[in-house]
Every structure is written in C-alpha cells, then in structure tokens.
Amino acid sequence: MLLSTIVFLPIVAAVLVLALGRTQQMARLIALIAVVGELALTLMAFAAYDTDAGGYQFVERFDWISAFDIQYLLAVDGLSVPMVLLNGILGLAAVLVSWNVKERPNQYYMWLLVLQAAVMGVFVSMDLILFFVFWELELVPMFFLISLWGTGRREYSAMKFLIYTFLGSAFMLTAMLTLYFSLPDGERTFDIMALMGRDMSGLLVPTGLVFAGFLIAFAVKLPMFPLHTWLPDAHTDAPTAVSVMLAGVLLKMGGYGLLRINAGLFPEQMTDFASTLAVIAVVSVLYGAFIVMRQTDLKRMVAYSSVSHMGFVTLGIASVAGGGSALSSVGLNGAAMQLFTHGTITGLLFVVVGLIYERAHTRHIPDLGGLAKQMPLIAVGFMIAGLASLGLPTTSGFVAELLIFLGTFQVFGLATALAAFGVVLAAGYILWTAQRTLFGPRVARWDGLTDARPVDVAAMLVLIIPIFVVGLYPKVLTDVFAVGIDPIMAGFGLAGFGG
Amino acid sequence: MENAFTEVAFWTLSIVTVGGALGVVRTHNMFRAALLLVVSFVGVAGIFALVNAEFLAVVQLLVYAGGVAVLVIFAAMITTNVTEGNRSTGTQPFAVLVSLVLLSALVSAIVQAEWALLPDDMPAPLAAAFVDTPAALGRMLLNEFVLPFEIAGVVLLAAVIGALSLVRER
Amino acid sequence: MNIGARDLFLISPELLLVTLAVVVVALDLVIRRKGIVIAVAVVGLLVPAIAGVNVWNDIHATGVDTAFNGALVVDEFALYFKFLTLAVLALLFLSSADYASRFQPFQAEFYGLLLFSSAGLMLLPAAGDLITVYISLELASLPVIALAAYEKMRLKSTEAGLKYLVLSAVSSAVLLYGFAFLYGATGTLRLISFDPADPAIGHMLINGDPSVPFGGVAVMVGVVLATAGFGFKLSMVPFQMWTPDVYEGAPTPVAAYLAVASKAAAFAVVLRLFYAGLDPAAADWSLMFAVLAAITMTVGNVVAIAQTNVKRLLGYSAIAQAGYMLVGVAAYVGSGPDAELGIESVLFYLGGYAAMNLTAFFVIMAITNRTGDDSIEGLAGLGKRAPILAVLLALALLGLTGIPPTVGFVGKLFLFNAAINADMVWLAVVGVLNSVVSAYYYVGVVRVMYLRESDNPARITVPPYAWAALAVTAAAILVLGLWPGGLLEVARQAALDLL
Amino acid sequence: MLERLLILSAILFCIGLYGALSRRHVIAVLISVEIMFNAVNIALVAFSRYVQPAAFRATGEVTAVAESTVLAGQSFAVFVIVVAAAEVALGLALVIAMLRTKDSVDVTEASLMRR
Amino acid sequence: MINEAAVWAIVGLPLLGGLIIIAGLRPWTQSLWRLSGYVGIGAMAGAFALSLWALNSVRGHHGESVGFDPHSWVTVGGDAAEGAFELTIGVLLDPLSAIMAVVVTGVSMLVQVYSLGYMRKEADEHSGKFVDYPRYFAYMSFFTAAMLGLVLAYNLVQTFVFWELVGLFSYLLIGFWFHRPAAAAAAKKAFIVTRIGDFGFMLALMWLFSHRDEFLVRGQNPFEIPDINSAAPLLSAGLVTWAALGLFAGAVGKSAQFPLNTWLPDAMEGPTPVSSLIHAATMVAAGVFLVARVFPLFEASSSVMNVVALTGGVTAVLAATMALATTDIKRVLAFSTVSQLGYMFIALGVGAPGVALFHLFNHAFFKCLLFLSAGSVHHSVQTFDMRYMGGLRAWMPVTYGLTIISGLSLAGVFPFAGFWSKDEILAAAWAVDPSAPGTSAVAQIVFWLALIAAGMTAFYVFRLIIMTFHGEFRGGIDAVPMDERIPDEAHNHVHKGESPTSMVAPMLVLGVMAVISGAAFNSVTKLGPVPAHWFSHLFNEDSPELVAWIAVASMTVALGGIVLAIAIYGLKLVDLSRMPKQWHALNRVLEQRYYMDYFYETLVVRRALFRGVFLASDWLDRKVVDGTVDFVGWTGRNAGKWVAQLQTGQVQAYGVGVSVGVILLLWAYLVRS
C-alpha cells in the first residue's frame, strides 16, 4: 500500500487543507506536514527499492474497469522510483516557497497538493489508462493555480497550457486505445509491464502512428521544439511554486513517458525515429539557448533554458538510433539522470527567481543589479542553481550531461558535438544573467530588500542538497536508473551494457 | 372500377390537389389560403377513395376539410392583416431550390425503386381486406395497433392540456 | 379489444406515469397549495419506478418479452431508458420547483405536461413498430412545444416554442415520409419481430440488391429521411439548428429536459432502428453516422466557442455531445467479441451525460432564477458569490470536457474505444481533438466564474430540494467517473439485449 | 399506378416543404406542414394498396399475419391524421399566445435568438 | 612511502580549510572571522608538507606512477568487471603531479600569507561586515584544492571535473569584487572563454569514449590517464589526433593561448594575490600540465605536436608585443604570462615536457613574485597605472630589489632561474632535426619566434621596472582623474612606505626561489641529491644539451632588450611623442591587442550573435513558432463566429438546413449506389 499512500496522502491532505485551513498559518502548516510526510514516504520508497532484485516493486493491482481490463495498477521500477522521489522533494520546495501566499491560501495549497498527487500518479501508474487519468488530472490544478494565483497574462497562459497539453494527450489516448484493440482478444491489456517486450507489429494502424501518438503528447510536455511555446508563457505567469513544479516534475513526465512508453514499448519505431529525434534535440538545445540570450524576464529566461536542457533528454534517448549499441544504455541513463537533475536544478532556479520577484516585484533583468549585496543568500542560491544548470562538475547537472554526451556521441557525433556546445551557451546566458542581476554596483532602489528568511533558505536547501549529493556521488541515482533502463535496453535487443 | 374512370379521376384529383396546394403556398391572402387548403384536402380525400381507403377518405373530409380547415380559418381571421400578411420570406429562393432538388431526387428514387407489387389478381383473402376497409381498419386498430391507438388518446389529451395552458389567460 | 394482463404488466410504468400526469393535473383543480401538487408529482414518480423495477425483475429473469401484439418490446435496453427518463424527471422536478413557481397558475400543468412527454419518451425505446415509434415520438414532443413556450410573457420563450413547433413538425413529416418509404419497400411496419412469419423491416433487407445501399433505393430514401427526422431530435448536424435557440428561449428546466431526456430517447430509438432493424445494412449506415458524428461534434464545439449566453452555450455543447455519442452509434462491428461496445458506450455516456448536463443546467437554473442574467458574463464572481454552485458547475463542465476523474472522461473513453474497436481510428482522433476544442469554451466558463470579478456581491441561495438534486447529479459525475463498472455492466446487458 | 401516386405524393410533399420554408404567416407555415402530412398519407395509403405485405412476401402465401397487416399503411395514416390534428391545435394555441405577447404572427419577426 | 589517504589529503586539506572558513568561520562575524586566513594558510601548509612527502616518494620513479588503484564513481549497467560503463576516480602520483602539487601548494601558501596583509582592507570595509575577508580565503582554499585535484587526477573525466572547478573558483576570485562591473564582466569572460576551450576537452572525452573498443581490447579504460599514456603509441591515428586536438583546445582556453588569450588581461580585475596565484602555478599552468599529463597522446601525432608548438610560438610573440604598449602594470604581467606559457607550449610541441615543466616551475616563482610586487606597489600608490608611478624605489627598496630579481629572471638573464629553463626550451627546439622523418620546419620557426619573444620580454619587463621605480614620482592614485577611477578607489590615497611584513616576507621567499630554482633544481650537473637535468630525468626523457651559442644568443637578445628599455624609458634617448605616425598607429594596434577583443566581443558576440542569430531565433520563436500557435487558436476562436453566421435566427433558414441535410445524404448514397 506504499504507493497508494504516496498518491493519496496529498489528496487527503488537500481535502483537509480546504476544510481546516481557514487561516494562512493553518493552511500552510497542514500543507507542510503533508509534503514533509510525502517526502518521507518517497524517500522510504526510494530507499526500500531493491536494486539487486530490480524489476517492478511495491506492485498494487486491482481491477478497476474490468470490461476493458483497466486496472488500478501501481508499481515502481528503477526508472520511476527516482522520479517519485523527485516529486516528493519538489513538493516540499513548492510549499516552502509559497509560504507567503495570502490570497485564498487553503485553495492554493489544496491545488498544489492535488497537483503533486496527480504527478505522483503518473509516475507510479503501470496501467496506460490510469497513467492517462493522472496525466489529465494534473491539468486541473495547474489551470487554477496559474490563472488564479498567477501574474501577467495568466489567463492566456493557463489556457494555452491547458489546450496545448490536452491536445497532446488527445493523441496519446487514441494511441493507447488503438494499441489495446490491436491486440488479439484475450490478450488485450493496458498493463505496461505486460506490454513491454511484446511484438508491436500488425496493429490496427501502422505502428508508427501509435508511436507518434504517444510521442506528440510527450513532446508537448517535454517540451520539444517546435511544440514548446506554451512553456515560457506558463512559466512566466505562474506563481513561483507552480513554476517550480512545472519545471521540476511536469516536464519530467514527458521525458519519463518517452523512456517508459516510446522507448519501452516501441523499440523498433524508436530505432527508426531516433535520428529525427536527435535533430530535434539539437535544435531544441541550441535554439532554446539562443532565445534565452534575448530574454529580459528572469522566468522566461529560465523557461527557455528548460527547453534547451530538455533537449539533452531527447538527445540521450536518441542514442538508441539504429538499434543502439551497448553504449546507448549510457545515453538513456543520462537522459533519465537529466530528468532528475534538471528537476532539482531548474526548480531551484525558479525558487530563487521567485524569491527575487517576491522582494523586488520585478523580473525584468535590466531593472535588477547588484542584488548580491542586498541578498547574499539568495545570490548564493542563484549561483548554485546557475552553475549546476550550466553543467558544472560536482553538481548533478554535469553527470547527467556527461552521460548523455558519452552515450550519444558514438551514434550522432556531429549532433552531440553541437548539443555539447549548448553547454558553452549555457555558461554564457547563466553568467551573463548573474552578472546583470546579482553583480555590479549596488542599486539604491533595492536597498530596503531583505535577504532570504529561514523558510526561504529551507526551500533552497531542499533542492541544493540533492544537486550536490547526486553531483558528488552519482551512483546513488545511476545504480537505480540502470535497473530501470536495462529492461528498456533489452527491448532493443541489448542486454544492458555488457552485451 | 373502370380503368378509364380511374385515370380520369386520378388526374382530376391530382390536379385539384396539387393546384390547391400550390395556391395555398403561393397566395398572400391567409383567408384564401385556408379555403384553397380545403380544396386540396378534398382532392386528397378523393385520392384515398380511389385506392380503396374509403374510411380514410371520410376521416380526411371530416377532420381535415372540416375540423382543421375551419380551425385554421378562424385562427387566420383573428390575426392581423389577413389579406397581405402571408408574403414570402427571405428564404424563398432557397425553399424553391431545395424543394425542386428534393423533388427530383425523390422522383428519381421512386422511378428507380423496385417495388414488390401485389399481383393484379390479389389472393382472395387480401383482396377481401380492401372490400370493407372500415371494418378491417377497426379490427386492426383494436388488435394490431391497440397500443398506438391508446397512446394517440394520450397525445390528444396532452395536446389539449398544452394548448389550454398556452391559451388561457392568467 | 385484445389486451391481456401481461400486456398491462409490461406497460405498467408508462401507464402509471400517465395516470400520475392526469392525477397531477386534476389535483390542481381541487388543491390550492401548489407544494402538495409538486410533492405528489415527485413522490408519485416512485410508483412507475417501482413498477419498472418489477418489470425489470421479470424481464431479467425471463428475457425479452413483447406486448400488444409486438407493438411494445420490453427488454433491458428499453428499461434502461425508462429508468433514465424517470431519474431525470425526478431530479428535474426537485430542482425546478423554484423555477416553476413563476408559472402560476399553470404550475401543475407544467408538471403534467412533462409527465406526459416522459411517458412518450419511455415508450420510444420499447416501440416495436413504426406506428408506435411515431406516436410515442409525438407524445414526447407535442407537450414540449407547449412547455418551450411556457413563459408566455417572455418573447424568447414564445419564439422558442414556435421554432420547436415548426421544425419538429417539418421533421415529423420528413420522418413519416421516411417511414412510409420503409413501409413501401418492405411491406411491414414491424421494427422488431421474433416471429419468422411476421418479418420485421430488417428481415426484408436481406434479399435486397447488394449493389445498392440498403438493398434498394426505396429503403435508402426511407432510411435517409428517417435519419433526418431523428437527427432533429438528436441535434445532429445539419438538423441541429433549432437547438441553441430553443435552449436559450425555453424555460431552463425544459431546456434541460430536451438536452437530456429527449435526446436519450432519440438515441434509444435510433439504436433500435439501426442496430435491431437495419443491421444487415450496417456497412451502409455506419460510415454515414461516423461522418455525421465528426461533423456534428466539430460544428457544435467550434460554434460554442463564440457564444456569450450560457444556455446557448449548453445548446451547442449538447450538439457536440450528440456528436460524441454518434461515434458509438457509428461503431458497428457486427458479430464479434465486443459487438455490443458501440451501444454500450452510448448507453453509458447517456447516463454520464445526464449527470453532467443536469448539474450544469441545475446550477444555471439556480443562478438565473436569482439574477435573471443568463449571459456567461453573468457568472462572473460566482466562485465567491456561490462557491459550491461554482464548484459543481466547474465539475460538470470539466466532465463535459472529458477530464478525469469525471464520468465524462470514462464515457468518452468508452466511446472512442468503440470507434477503434470498429476500426475507426480516425473518428476517435477527431473525437479527442474535439475534446480539446471543447476545453476552450468549457474552461472558459470556469474561468469567468473564478477570474472575473462581479459588481453584484449578492450571494445566491438555493432551496434544499434543489440541493438534493444537485448532490445526486454531482455525486454521479464523480462516482461514475471513478467506479464506472456498475453502470457499465447494466449498459452492457442492455446492449446485449438489443443485439 | 403506385408510382404515379408516389410521384403525386412527392410533389405534394415538396410543395408543403416549400410552403413551410417560404411563408411568412405562422398559420401558413402550419398548413404547409399539413400538406406534407397529407403527402405522407397518400404514400402510405398507396403502399398499403399496392405493395405486398412483408409476411406475404417472405412466405409467399397469405398467412394470417399478411392478412392482418395488409391495411397497416392505412392504419398508419389514421394515426398521422390524429396527430396532425393535435399538432394543429397546439400550433394554433401558440399562434394565439404569440398574438398576445408580440401582436404578430410573422415568423421572420421571431428571430431574437440567433448566432 | 606515502599512502593513498595522504595523497587525497593534499586535495582534502585545502578543501576542508575552505569548508571550515565558509561554514564555520564566516557566519559568525565578530570573533572568528579573523582566523580564516590562518586556517587557510594552515591547511595549505599541511598540504604543502604532504606534497613534499609525495615528491620525495616519487623521487626514484622515472615517469612511472605510484600504483594507487582508482575507485568507482559512476557506473551504468551493472558490474564494471563485466565491461559495464564505469567512471573512476583516483589519485595519480608520479613526478609530474608531485612537482605540480608542491608548486601549487607552496605558491598558494605564500600568496595566502601575502594576502593576510594585502586583503586586510576587505576586513574592515562595509561597516563591520567582515564577510569578504573569510570569503576570500575560502575561495583561495577551494581554488587551490581544485587545482590540486586536477593535478592528482587519475582519470581524464576527473581531470575535467577539477578543470571546471578551477574555472569556477577562478570565476569567483576574479569576480571577487563583484560590485565592480568590470570585475563581474571579467569573471564572466574568463569563465566563458575558457569554457569554449573546455568544449574541445569535452569533445575529446567523447571522442575517446566512442573509441573505447580500442582500449577495451587491451583491457584498458579510455579515460584513465596511465592507460591512455601507455596505449597512445598503439592507438589509431584518427583517435589520437582528434583526442589530442580536443584536449589541446581545452589547454589553449585555460592557458590563454592564441586565439583564446583575451580573457587573461581582463582577469586582472581580481585581487592581485589572486592574479598572482592564477598566473603563477595554478589555472593557466593547468593547460600546460594537461598536455604534459597525456603527453604520449600528443607525441603520437606529429601534426598535433606542430600545432602545439606553433600555437606556443605565435602566442609567445603576440602576447609579448601586447605587453610592449600596456601601461597597466598587472596587464603587462598578464601578457607576459601568456607569452611565457607560449614558451612552455613550445617546449611541449618540440617534445620536451620536462623542459616545459621546468619552465613552469621557474615561472611560478618569478611571475608570482612579480605580481606580488605589483600588489605591493599598489598597496602604496593605490593604482596599477604605471603612468602615475615612478620613483618608488625611494620608499620601497625591498619591493624594488625583488622586482629587479624577478625581472631579470623573467628576462632570462644568467644566472637567474628563467635563464636555465628558457635556454633549455630554445635548445630543445633547436635540437629537433628538421630532416628527420615525421618532423618539419616548425621547430625551427618556433625557435626563432622564441628568441624574438625573449628580446621583447626583456624590454617590457625593464620598461615596467623603470616606469614604476625610477624617475620622478607621478602622483599615484592622487593624480588619477576621478572619472578614471573605479568607485572603490574614489577615496584612496597614496601611502608612501614599504608594505607590511606579512606581504614582504613571502615575497622574499619567492625572491630566493626566483634566483636559485633554475640552477638548483635542474642543474646541468649533478648537484647534491638533485640529479643533473632533474626534470628531464624525472620524465625519463633525453635532456637537451646546453648549446653554448644558443645561451649566448639568448643572453645577448635579452640584454639588448634591457638596454633598449633603459635607453628609451630611463635615459629618454628617444622621445616617444615625436615618433612617426605609423608608430602611433602600431602603438594603437598593440594597445587594442590587435583588436581581438573588438573582434570577439563587438563583431562576433554583439553583432553576429546577439543582434544576429539570437535576435533572429527570438523573432522566429515569437512570430513564427508561437505565431502559428496563436493563429491556430485565433482561427479556432473565430471559426465559430463564421459558422454561426448560418444561425440567422430565422426558423425557416433552419428548415432549409434540414432540407439541405436530407438532400446531401440522399446525394451521398445515390453517388455510392
């Protein structure tokens, strides 16, 4: 029942917050207890996951809609258990960073908790329809959070996010159903575990179309060029905590889906499509980085950097091109690592940007400057996030990018080289932004601003710790991810790395 | 029945029916339209009579040419501008078009269709039904179609209640 | 007269319903207190319901039975709709008591007419021949003409009545002409027959010319005209144009009745006619319905985006929803393991649709009853003025969009399942894409409720019986969304009976 | 003969349709619809007279069923007439209601709700 | 014999020191911050001691390492023993790394001692907030730790990790006064420009890894330095060439070689001890060290060797010319560093890594001393602009003397340290036989380039000494116009006096080394415990013979430069203001550093990228990509309105709709039948 508890604890807490959270203090206290408990549970799951045994663990299986063999099927494997942990971490950060929400706090925390639960559901569902249910469920809290507590053109952004994601998932649903009905009667199932390794030829429609259906949904979520333009808008206008969750875990759902479903269920199509994927990845990386350079809004900047960084995920997955080699395992592991690390790093970036915005009430970079004098702690947070984002060794970002590059280079030399140049560009925009925001002469206008309070420091620490832990001792993650990636590799006819 | 007589009767009745109907839909005078409707309905009654539906012909005369037409005339009279109130609307050109196209489609379908016609020398038991249609119909309405028959009563009741609640003043 | 006890038993629900109608109208003449009349109407519905349960028990045990020389076919399919109609009626009575008080002194007639019409709707799915179909249809729609025009002092209401009168009359004529052709081509009015000596329409198609649709031009004309006639009731494009106007003009309970009960019965009879009567020619009509479904949902959704009146919006929404359900109608697979899927999904969706649409209409009714403003802008600030109503409306609208965990999602899932099962992947794609389009306007309403401020701070009060109705429908949205199995099983049995 | 009657019915149907779609006066629209119903009745009666009952066609012999259904079309026509009458009654009631509220029976003026 | 933990402690002690300062001392402002400097120095002293021990342990080794096995760091896909992907970390202790460790720890320790005095002002600035003083020592400790990690790395990936960390802490140190826009910009520039080089490093890693099969068949790891070095001669040419070139790109970036030399002069915005440390033994030396580290890989490809040598030669001359026209004392030294690093690359390129390391070793001392002297000068006059100095020898005798010593050493004057190593470089270049197979005229070219650079070196260093210490005092900071001062210096004043002992003492130590390091540690003959040509000996390579005419020639050139400098700046035999127009133009070109910065920053970054590619991408994204999305949305929103035009409100229009529907359906079926 561990996974069910993990999924439903935030929902129960959401109800409690709504009912009992009459005051801001009460609401945030309940929310905090809930997310701390959630983090503890996810840590427990992460720790309890037995990497030696591997495979799917903590399986919970009940019939849900027996007419279509739809099951309530929860399980985690090496691929998803770190994502569960990531969600736990970011949930805590999100609540901490929204400590000061005054407007309808009970509703706010309720939606935040529902969001966490929905994302959790995505990561632990092993039934396609259940996966889809959680995938869609996440739209509702996001819509309300952005449009009610957001800023700027929040309605436009919320709607754009909603429609865009919904559009993507529309294709996914069709693909799922087609897949289901393509199987011979009696073998029909939505069970991802059972579908792994199954021969996917002879579907109702060409298998490529089913593959594409999933791909579109995940590409929107990831987001992959050219389906990314919802992201800057959503990020810019979302409240800080939502930006954190959006960058931290929602985008990861796309990468997770690509790995779990596109690569896991359709190795053959993935093999064929990988070259295109590599091109898209390179374009995402470079194009995203180019655009970041022109941004004057801190959040937009981070948003486009996400586009760029998620391109690395795509690139890592593309390392399976041509059937892949044993080294593709490194690329896939790198992609998975990048999912986790980008979650913490960009989460931290948004936390910091949010803290700055909360104080200065502007995110316009030219207005800022010299903030390191007034808010040294926030500046330190910013620098850590930024340096991790540009892939500095000892932070988790480096390990992930290194693995991706090493895994992919042997397949797509030029593409990987170009993408690696994105790291140089990242140094450019991160440091340039730091220079314009934090450094330079102190600006008298910001003299009254306070530095991070303990709760803000806590929010930053929650994310900084995993960045360094993974950066210094990557085995803590790679060993787990490898267990999850190996079955996927087996789908490509490759027995893990050694083969 | 003589063939020639049938022919003449059919054509006469058809012309009366169609002509009346055309008049109904073309005149601007509501009163005249109602009268022409009676003419057309009488023609239809004649056609019914022609194809061994004597009972229906009578019902047609009573209900339509009698009741309905009178009702319509009364209603028309209380409306304003009886003589010129019934001009065409803007949709008339479309109405012409769709009617003609639909007519041609229907006619071509009718001509193309293969109908499983009763043989001219109908088996006796069947022919018998057409001899005394009112009795046969009566039997049917109380046996085969007793349910619709009962429902029809409810329909009338409902219609009356509906009409009353619409018309009655507060 | 040839009526036996068995006949009366089988028709007892309708019979009792008509009796109730008469009683209600008659009571009005002798009782001053209108509350009693309403109470009698609501409580009295239990009588036909109990009778229905009796019949169901009997039918469930013994199988399909016919009455009145085959004019009435009582099977679980028909009973499904009878219960649906009764449930809708009861909820409608509860919620509209407040609204209907404006009809003094014709309040009792209002209920009476609804009861009469419902009797017609209950008969429709059970009709065994074309005459019964026709006469039941008229019983169902004639009272509605009066009801639509019931607010005599409101010009829009009268206009709605007029439009419904003219178009339903024209449609009736077209339908009848179609029936005439069916009769002429086959020589029978029988829709369902279990007696080989008394063949039904379907039996006469088998020997037709295979090169011509439906085996003969006459049948084809008949089918097309009948489809057009039913299309009017279904709000199927291009026979749908009355829908928004009448929904907007008619009293809100009547609009709800039209949108839910009337449409359900129309689907019932269409399913009966095509699946039970014309199934040998399924190859000919299933594509027609598929195309019409696609067009219907697209037109409904696209035009709905431009709406400013909430009732009108629901009108277009009803068109779009009809389109989704037509997907189920189109999804004919002949004999096979999941042959009942199309019907089953339509039946299930109708149930869910009733819950969602009624919730929406009930909320709108409660609001417009207080504010008199049925524009979408009139819902501004509802999140604060009437938080619970707002939540319920949002739930209903998200359900209509098809977002989990509502019944709307599961319902659409089943419909698209059916489409894919019938090898109509393209139709499923069109369907899911339409869901995306629909999200825009459904969520748009939600957005107005929560994001727009209102200058009218008055709280909206709702009488307790209306709350009861709302509670039932809203609970149904969620319960059926989370545990659809029960209703689905009932729908499956009903569908199997039809086949 | 059947085809002639059917064509007559079709002509009448289309005239009615034309009237229903082009007349300004509500009552004129209603009676145009009545013409359509009459067209249907002509077709029903004609089919009843000239087309083999299904039971006869299926078995090739005159069964009791065939005998009892040979007049089905005529019966249908009876119901059509009844319903049409009810419809007219209701329609005229509506006309009266319209006259009261807006003092007009022009269908083109009933276009408050659009788009 | 040293054990592995002790070697790790060489890296660990400064790291620990830094952590103690940043986490233990810095937050508690009042009492403990003063200790930070001592903590840093103490940790460094420990590391220095351990380094000496390590050096002692490898004294007997000739190019071989002490066999400490590496440890697993990242694994992918199960058991590494079965061939799974594994990244290892470990320490590689051999003469090269041991010498480097000694130099790094020693210089760093001295610089930190110096900083105790120099950075004193950071302590009492900002009204009681002493945040910057401990921050400085923490950064210094971390920086040194990173450099030591780089030096001792066993695995190229590990090298890269510390390589980047060196970059990071140099970024933080250069931008230490981050409130100065110039410092913030310089720090960023340093990081980004070196990162462009690192990009090459990264590609080299990928390239090596993608050819891992060549290593696997030998049971080797493509990233482990000993494996690379031992396998290098056997590897395929393509692998070697590209891998070496990529690594060299990294070295070029870190060591500020042409064309990535532009960051180093700007990096002078950092505190002077930082410049001194960066330039002496640490960051810029990392490039040289990297090439020396995997020298067999470079040696295996003659074309790469030529590239290395040519890059070194060109840079040596180019940077020397830049130094000729510069008036900022630290920038002169910065160009000098670039130029001297060029020498080291020449040595590497002609196949004499031991010589390169020897020069690195010497250079560490005299260049460090030069910077510290500059800092000492600044301590007095508060500016780095030599135009406002002059005559300082009057009150800064020690600084003056030490500057002369280090200047002579830099100029390569016998018997100062610089002479020995520079001479060996020239000799090594000359020794390459151009007619031998696999070689070319490159060695000859770079020989002459090096000789020219030697002359210029002597000239600019004496120009520096004369402008600073001789002649009339030109006012120091007090003479600098207010609009030329940076805000921090606005209220500073000249303080006529020698620097405090804490600064002078480490300078004296370095002064001794600047004199003797050349002759004592790499003597041409055996000298007590030190064997002859010790460096070459350690690297197990042929020591270049001292060629008499080369030594004489280089001495002549150097002395010529000194004489010229004295003639022009000391004796004013030439009036520079009355030089022909072409001379001024040339001067401007040199002052503008051949317009390299203009080319990079204005033309490439601002125009081509920022206003070109980036702007175009942004436009494309907003107008085309997002525009398409918005257009689709707009169409969706408005399509409804268009379709709704049919909904006229006329009931008969609806009837027409019904009829049209019937007709279309009929038509569709009639067409099909």
Side-chain angles (χ1 to χ4, degrees), chain B residues 21 25 51 53 56 68 75 79 89 91 94-95 98-99 101-119 122 126 129 137-170, chain C residues 1-3 7 11 14 18 21-22 25 67-72 103-106 109-110 112-113 115-117 119-120 123 127-129 131-136 138-139 142-147 149-150 152-153 158 161 177 181 184-187 189 204 209 212 216-221 225:
Chain B
V25 298
V51 284
L56 268 180
V68 172
T79 60
T89 60
T91 52
F94 301 102
V98 295
S99 303
V101 172
L102 186 62
L103 181 61
S104 56
L106 288 175
V107 168
S108 80
I110 289 164
V111 175
Q112 274 181 46
E114 291 164 21
W115 307 101
L117 292 179
L118 279 168
M122 230 181 293
L126 292 186
L137 262 181
R139 272 196 302 277
M140 288 198 75
L141 290 181
L142 288 184
N143 282 312
E144 300 292 319
F145 299 121
V146 64
L147 179 66
F149 189 70
E150 299 296 338
I151 300 172
V154 182
V155 169
L156 287 174
L157 176 61
V160 167
I161 294 174
L164 275 180
S165 45
L166 279 184
V167 175
R168 248 168 62 186
E169 289 282 359
R170 196 167 269 272
Chain C
M1 293 279 262
N2 189 2
I3 302 176
D7 293 335
I11 204 172
E14 289 86 349
V18 169
V22 174
V25 174
F68 298 102
N69 300 314
L72 194 72
F103 299 138
Q104 297 284 6
F106 302 109
E109 281 86 347
F110 180 77
L113 287 171
L115 288 166
F116 276 126
S117 172
L123 284 166
D129 61 50
I131 294 183
T132 315
V133 169
Y134 174 66
I135 201 93
S136 309
E138 290 300 329
L139 176 58
L142 284 186
V144 175
I145 296 171
L147 288 169
Y150 221 70
K152 279 167 281 183
M153 288 304 110
T158 315
Y177 210 41
F181 269 85
T186 61
L189 291 166
M204 303 308 292
D209 177 358
V212 182
V217 176
V219 185
M220 181 201 82
V221 173
L225 293 177

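Lettering of chains follows the sequences in order, A, B, ..., and the numbering in each one begins at 1. Computed from a predicted structure; not experimentally measured.
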task: Can you tell which part of Leu142(C) gets under 4.5 Å to a heavy atom of chain B, answering side chain, backbone, both or neither?
output: side chain
task: Heavy atoms only: give me the nearest Ala149(C)-Leu166(B) pair and the separation to one decimal.
output: O-CD2, 3.7 Å
- request: Please check if the side chain of Ser99(B) supplies one atom and the backbone of Ala95(B) the other of a donor-acceptor pair under 3.5 Å.
  value: yes
statement: Assert top hit (heavy-atom pairs under 4.5 Å, partner chain C, pool Ser165(B), Ala113(B), Pro148(B), Gly162(B)) equals Ser165(B)
query: Can you say whether Leu106(B) sits under 4.5 Å from chain C via the side chain, the backbone, both, or neither, judging by heavy atoms?
result: side chain
query: Tell me, side chain or backbone of Ala116(B) under 4.5 Å from chain C's heavy atoms, or both, or neither?
result: neither
- prompt: Glu144(B) versus chain C, heavy atoms under 4.5 Å apart: side chain, backbone, both or neither?
  reply: both
message: When you compare the side chain of Phe106(C) with that of Lys152(C), does any pair of heavy atoms fall below 4.5 Å?
response: yes
- prompt: Does any heavy atom of chain B fall under 4.5 Å from the side chain of Val22(C), the backbone, both, or neither of them?
  reply: side chain
Among Ala158(B), Ala159(B), Ser108(B), residue most engaged with chain C (heavy-atom pairs, under 4.5 Å): Ala158(B)
query: With Thr89(B), which residues qualify under side chain to side chain donor-acceptor pair (under 3.5 Å), at least two apart?
result: Thr91(B), Gln652(E)
- prompt: For Tyr177(C), what residues pass the ring-ring contact (aromatic ring centres under 6.0 Å, His included) criterion, not counting sequence neighbours?
  reply: Phe181(C), Phe13(D)
Shortest non-hydrogen contact from Phe149(B) toward Leu141(B): CB-O, 3.8 Å
Region of Leu156(B) in contact with chain C, defined by heavy-atom distances below 4.5 Å: neither
message: Quick check for you: among Leu147(C), Ile131(C), Ile11(C), Ile145(C), which has the greatest number of heavy-atom pairs under 4.5 Å with chain B?
response: Ile131(C)
- prompt: Between Asn69(C) and Phe145(B), is there a donor-acceptor pair closer than 3.5 Å when you use the side chain of the first and the backbone of the second?
  reply: no
